[in-house]
Student: 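Just passing along the structure, written as structure tokens.
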Amino acid sequence: MAADADLVVTCARLVATCAGPAPRRGTAQRQIGALADAAIAACDGHIVYVGPAADLPAHVHLHHDAVRVDAGGGLVVPGFVDPHTHAVYAGDRRDELRQRIDGATYEAVAAAGGGIASTVAATRTASVDALVTAARPRLNTMLACGTTTCEIKSGYGLTTDAEVAQLRAIAALDAAHPVDTVATFLGAHDLPPEYRWDRTGYVTLVKDEMVPRVAQERLATWCDVFCERGVFRPDEALDILQAGSRAGLRPRVHADELSASGGAYVAVAAGARSADHLVFVEAAGVRALADAGVCAVLLPSAAFYLKLGRYAPARSLIDTGVPVALGTDRNPGGGLSPSMPFAMALACFAMDMTLEEALVAATLNAAWSLDLDDRVGSLEPGKQMDAVVIDGDLIDLLRVGISAIRIVIKQGRVVIPSAAVPGDP
Ligand SMILES: [Zn+2]
């Protein structure tokens, strides 16, 4: 019997479905499930058919007022899933990028009163409404770059009430914006100034007050910690992640971004779904992640804008069997780019990933890293109709500075092109 459909995408030279089991690791990360001359049909926001265009009439009954999307001989890929952002914040730190151009390091910027502390000061005074208003245009630009689902972290409040406000803003955005959002509690993003000399006191506050409140009010799915030299030690990070787990907040970790912090081992010990950044991960850490099945979420745009001079060892991670995902790390400091295609370009040209590996990393594996692979991350029947239509070939996605993205579909609705996309402050 033919399935009803209220949206159909035709005239695609190629559909990269990325369909199949997740996560993809090793050589399987190159499988993008390409179908030539394919069509996709959806009903009520969910895919009902992906297959040869010639077989569409036999399988699908199109409503008389169905939306018909002409892919114009281009390529269709799943909507991108961005598994690591800090897109909800107040204040403006673009000036720090200028300082970095002039040679300042991450630590030097922080020591001069910039960095996370400056965003914390601005975010603490912002209302939930103000945070939503500030973040909405950021989500608009992400959507214009093909991102249809993203993770957003708290971590700029660093008091219980301010963390809760940030998480409420994330929930409000999820309800009001086409991009679906997933919330991560990151109370352990930094030591706030009032606890600078009382590390134990702050770790206790995170564990005993913030975590229970966030869990009780169901404000986050995940709990994250910035495990880094000068921030949280591995033992503190593990302590916080375990408290989160006990309360039902699942662990993920900022690991080995600026130094070999031991974050990969924390991720393994905590049973984390992902270890993120990994610029300085050691070979033994790579093996430990592979053995434990932890996803590596790599954020090359952050390494680029922070001028770290190196990138995560993506080749070794994939070849050792670690599933690799990509994210933007959109944030007020070094996270200037909201673009998953830019992250893919860096993955290919700075981290030696193949184009196919980068696509799977930006879609199916990213979805798996958020445990959303049953709903998004690939184009297959039953999943959400989140798709991106590209002018040209897959390689055209990597053309930095000009977008190859022509159409973005979210839950069966064409959301780009839209009437207007306001700028990204
Ligand atoms: Zn981050």
Student: Might you point out which heavy atoms bring A325 and C295 nearest each other, and give the distance in Å?
Tutor: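 So the two residues come closest at CB-SG, 3.9 Å.
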Student: Could you check if a side-chain atom of L139 sits within less than 4.5 angstrom of a side-chain atom of I152, using non-hydrogen atoms only?
Tutor: yes
Student: More than 12 non-hydrogen atoms from neighbouring residues, nucleotides or ligands closer than 6.0 Å to CZ on R196, yes or no?
Tutor: yes
Student: Please walk me through it: do E194 and R124 pass salt bridge (Lys or Arg N to Asp or Glu O under 4.0 Å)?
Tutor: CA-CA 13 Å; E194 65 275 20; R124 281 181 171 180; 2.8 Å; yes
Student: Are any of the side-chain nitrogens in D82 or R330 under 4.0 Å away from the carboxylate oxygens of its partner?
Tutor: no
Student: Taking side chain as C-beta onward, heavy atoms only, is L370 less than 4.5 Å from W222?
Tutor: yes
Student: Y305 versus N331: any side-chain heavy-atom pair under 4.5 Å?
Tutor: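 Side-chain contact under 4.5 Å: no.
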Student: Nearest 0.5 Å please: distance from the OH atom of Y195 over to the CG atom of L158.
Tutor: 11.0 Å
Student: Nearest 0.5 Å, what's the CG-CD distance between D102 and Q99?
Tutor: 8.0 Å
Student: I need the L143 CG to K410 NZ distance, nearest 0.5 Å.
Tutor: 9.0 Å
Student: Identify the heavy atoms of G146 and V388 that sit nearest to each other, and give their distance.
Tutor: O-CG2, 3.5 Å
Student: Do T119 and R93 have a side chain donor and acceptor closer than 3.5 Å?
Tutor: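 Checked: T119/R93 side chains pair up, N/O donor to acceptor below 3.5 Å.
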Student: I'd like to know if the side chain of E228 and the backbone of A255 have a donor-acceptor N/O pair within less than 3.5 Å.
Tutor: no
Student: Salt-bridged, R213 to E209, with N to O below 4.0 Å?
Tutor: no
Student: Side-chain contact, heavy-atom cut-off 4.5 Å: I40 with L379?
Tutor: yes
Student: Taking all atoms of both residues into account, what is the closest heavy-atom pair of V15 and A38, and its distance?
Tutor: CG2-CB, 3.7 Å
Student: Just checking R13: does its CZ atom have more than 12 heavy atoms from other residues, nucleotides or ligands closer to it than 6.0 angstrom?
Tutor: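 Above 12, so yes.
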Student: How close do L278 and A264 get, counting heavy atoms only, and between which atoms?
Tutor: CD2-CB, 4.3 Å
Student: If you take all heavy atoms of S378 and E380, which pair is closest and at what distance?
Tutor: OG-OE2, 2.5 Å
Student: Distance from D396 atom CG to I405 atom CD1, nearest 0.5 Å?
Tutor: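 Rounded to the nearest 0.5 Å, the CG-CD1 separation comes to 11.5 Å.
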Student: Check whether any side-chain heavy atom of L167 lies under 4.5 Å from a side-chain heavy atom of F185, and answer yes or no.
Tutor: yes
Student: Evaluate the criterion salt bridge (Lys or Arg N to Asp or Glu O under 4.0 Å) for residue pair R375 and D386; output intermediate values, then yes/no.
Tutor: CA-CA 10 Å; R375 285 162 45 192; D386 296 355; over 6 Å; no
Student: For A247 and V211, work out which heavy atoms get closest and say how close.
Tutor: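 Heavy atoms of A247 and V211 come nearest at CB-CG1, 3.6 Å.
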Student: Please examine the side chains of L299 and E257, heavy atoms only from C-beta on, and report whether any two atoms are closer than 4.5 Å.
Tutor: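 The answer is no; the side chains never approach within 4.5 Å.
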Student: Between H254 and D276, do the side chains contain an N or O donor and an N or O acceptor separated by less than 3.5 Å?
Tutor: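 On atom types as modelled, these side chains do not qualify, holding no pair under 3.5 Å.
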Student: Examine distances only and state if a side-chain atom of R138 and a backbone atom of A87 form a donor-acceptor pair shorter than 3.5 Å.
Tutor: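 Confirmed, R138 side chain pairs with A87 backbone.
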Student: Identify each donor-acceptor pair in which a side-chain atom of residues 334-343 lies under 3.5 Å from a protein atom, sequence neighbours left out, and give them as a table.
Tutor:
unit_1, atom_1, unit_2, atom_2, d
S337, OG, S339, N, 3.1
S339, OG, F342, N, 3.0

Student: Might you work through the side chain to side chain contact (heavy atoms under 4.5 Å, CB included) test for R30 and V360, ending with a clear yes or no?
Tutor: CA-CA 7 Å; R30 299 181 184 198; V360 168; over 6 Å; no
Student: Does L258 reach the side chain of V279, with side-chain heavy atoms less than 4.5 Å apart?
Tutor: no
Student: Would you call the rings of Y89 and Y156 parallel, tilted or perpendicular, where under 30° means parallel and over 60° means perpendicular?
Tutor: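 Aromatic pair Y89/Y156 classed perpendicular.
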Student: Take atom CZ of R310 as the centre, draw a 6.0 Å sphere, and report whether it contains more than 12 heavy atoms from other residues, nucleotides or ligands.
Tutor: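 Enclosed.
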Student: Hey, is CZ on R199 packed in by over 12 heavy atoms from elsewhere, all under 6.0 Å?
Tutor: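 For R199, atom CZ is crowded (more than 12 foreign heavy atoms under 6.0 Å).
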Student: If you count every heavy atom of other residues, nucleotides or ligands that lies below 6.0 Å from R315 atom CZ, does the total exceed 12?
Tutor: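 More than 12 within 6.0 Å, yes.
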Student: Decide yes or no for P78 and K383: does some side-chain heavy atom of the first lie under 4.5 Å from some side-chain heavy atom of the second?
Tutor: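 No, too far: nothing below the 4.5 Å cut-off.
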Student: So with a 6.0 Å cut-off around CG of D208, is the heavy-atom count from everything else above 12?
Tutor: yes
Student: Just checking, any donor-acceptor pair under 3.5 angstrom between side chains of Y265 and E282?
Tutor: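 Their side chains do contain a donor-acceptor pair, which is all the 3.5 Å distance test asks for.
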Student: Within 45° of the six-membered ring axis of W368 and under 6.0 Å from that ring's centre, is NZ or CZ of R24 located there?
Tutor: no
Student: Would you say the side-chain atoms of S369 pair up with the backbone N or O of A366, donor to acceptor, closer than 3.5 Å?
Tutor: yes
Student: State whether a side-chain donor-acceptor pair under 3.5 Å links H177 with N140.
Tutor: yes
Student: Could you tell me the separation between the CD1 atom of I390 and the CZ atom of R406, rounded to the nearest 0.5 Å?
Tutor: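 Rounded to the nearest 0.5 Å, the CD1-CZ separation comes out at 11.0 Å.
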Student: Just verifying a value: how many Å separate I170 CD1 and T184 OG1, rounded to the nearest 0.5 Å?
Tutor: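 Nearest 0.5 Å value for the CD1-OG1 distance: 7.5 Å.
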Student: Verify, without hydrogens or angle tests, whether D224 (side chain) and L186 (backbone) share a donor-acceptor contact under 3.5 angstrom.
Tutor: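 Side chain of D224 to backbone of L186, a donor-acceptor pair under 3.5 Å: no, none is there.
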Student: When you check the side-chain N and O atoms of R252 and S274, is any donor under 3.5 Å from an acceptor?
Tutor: yes
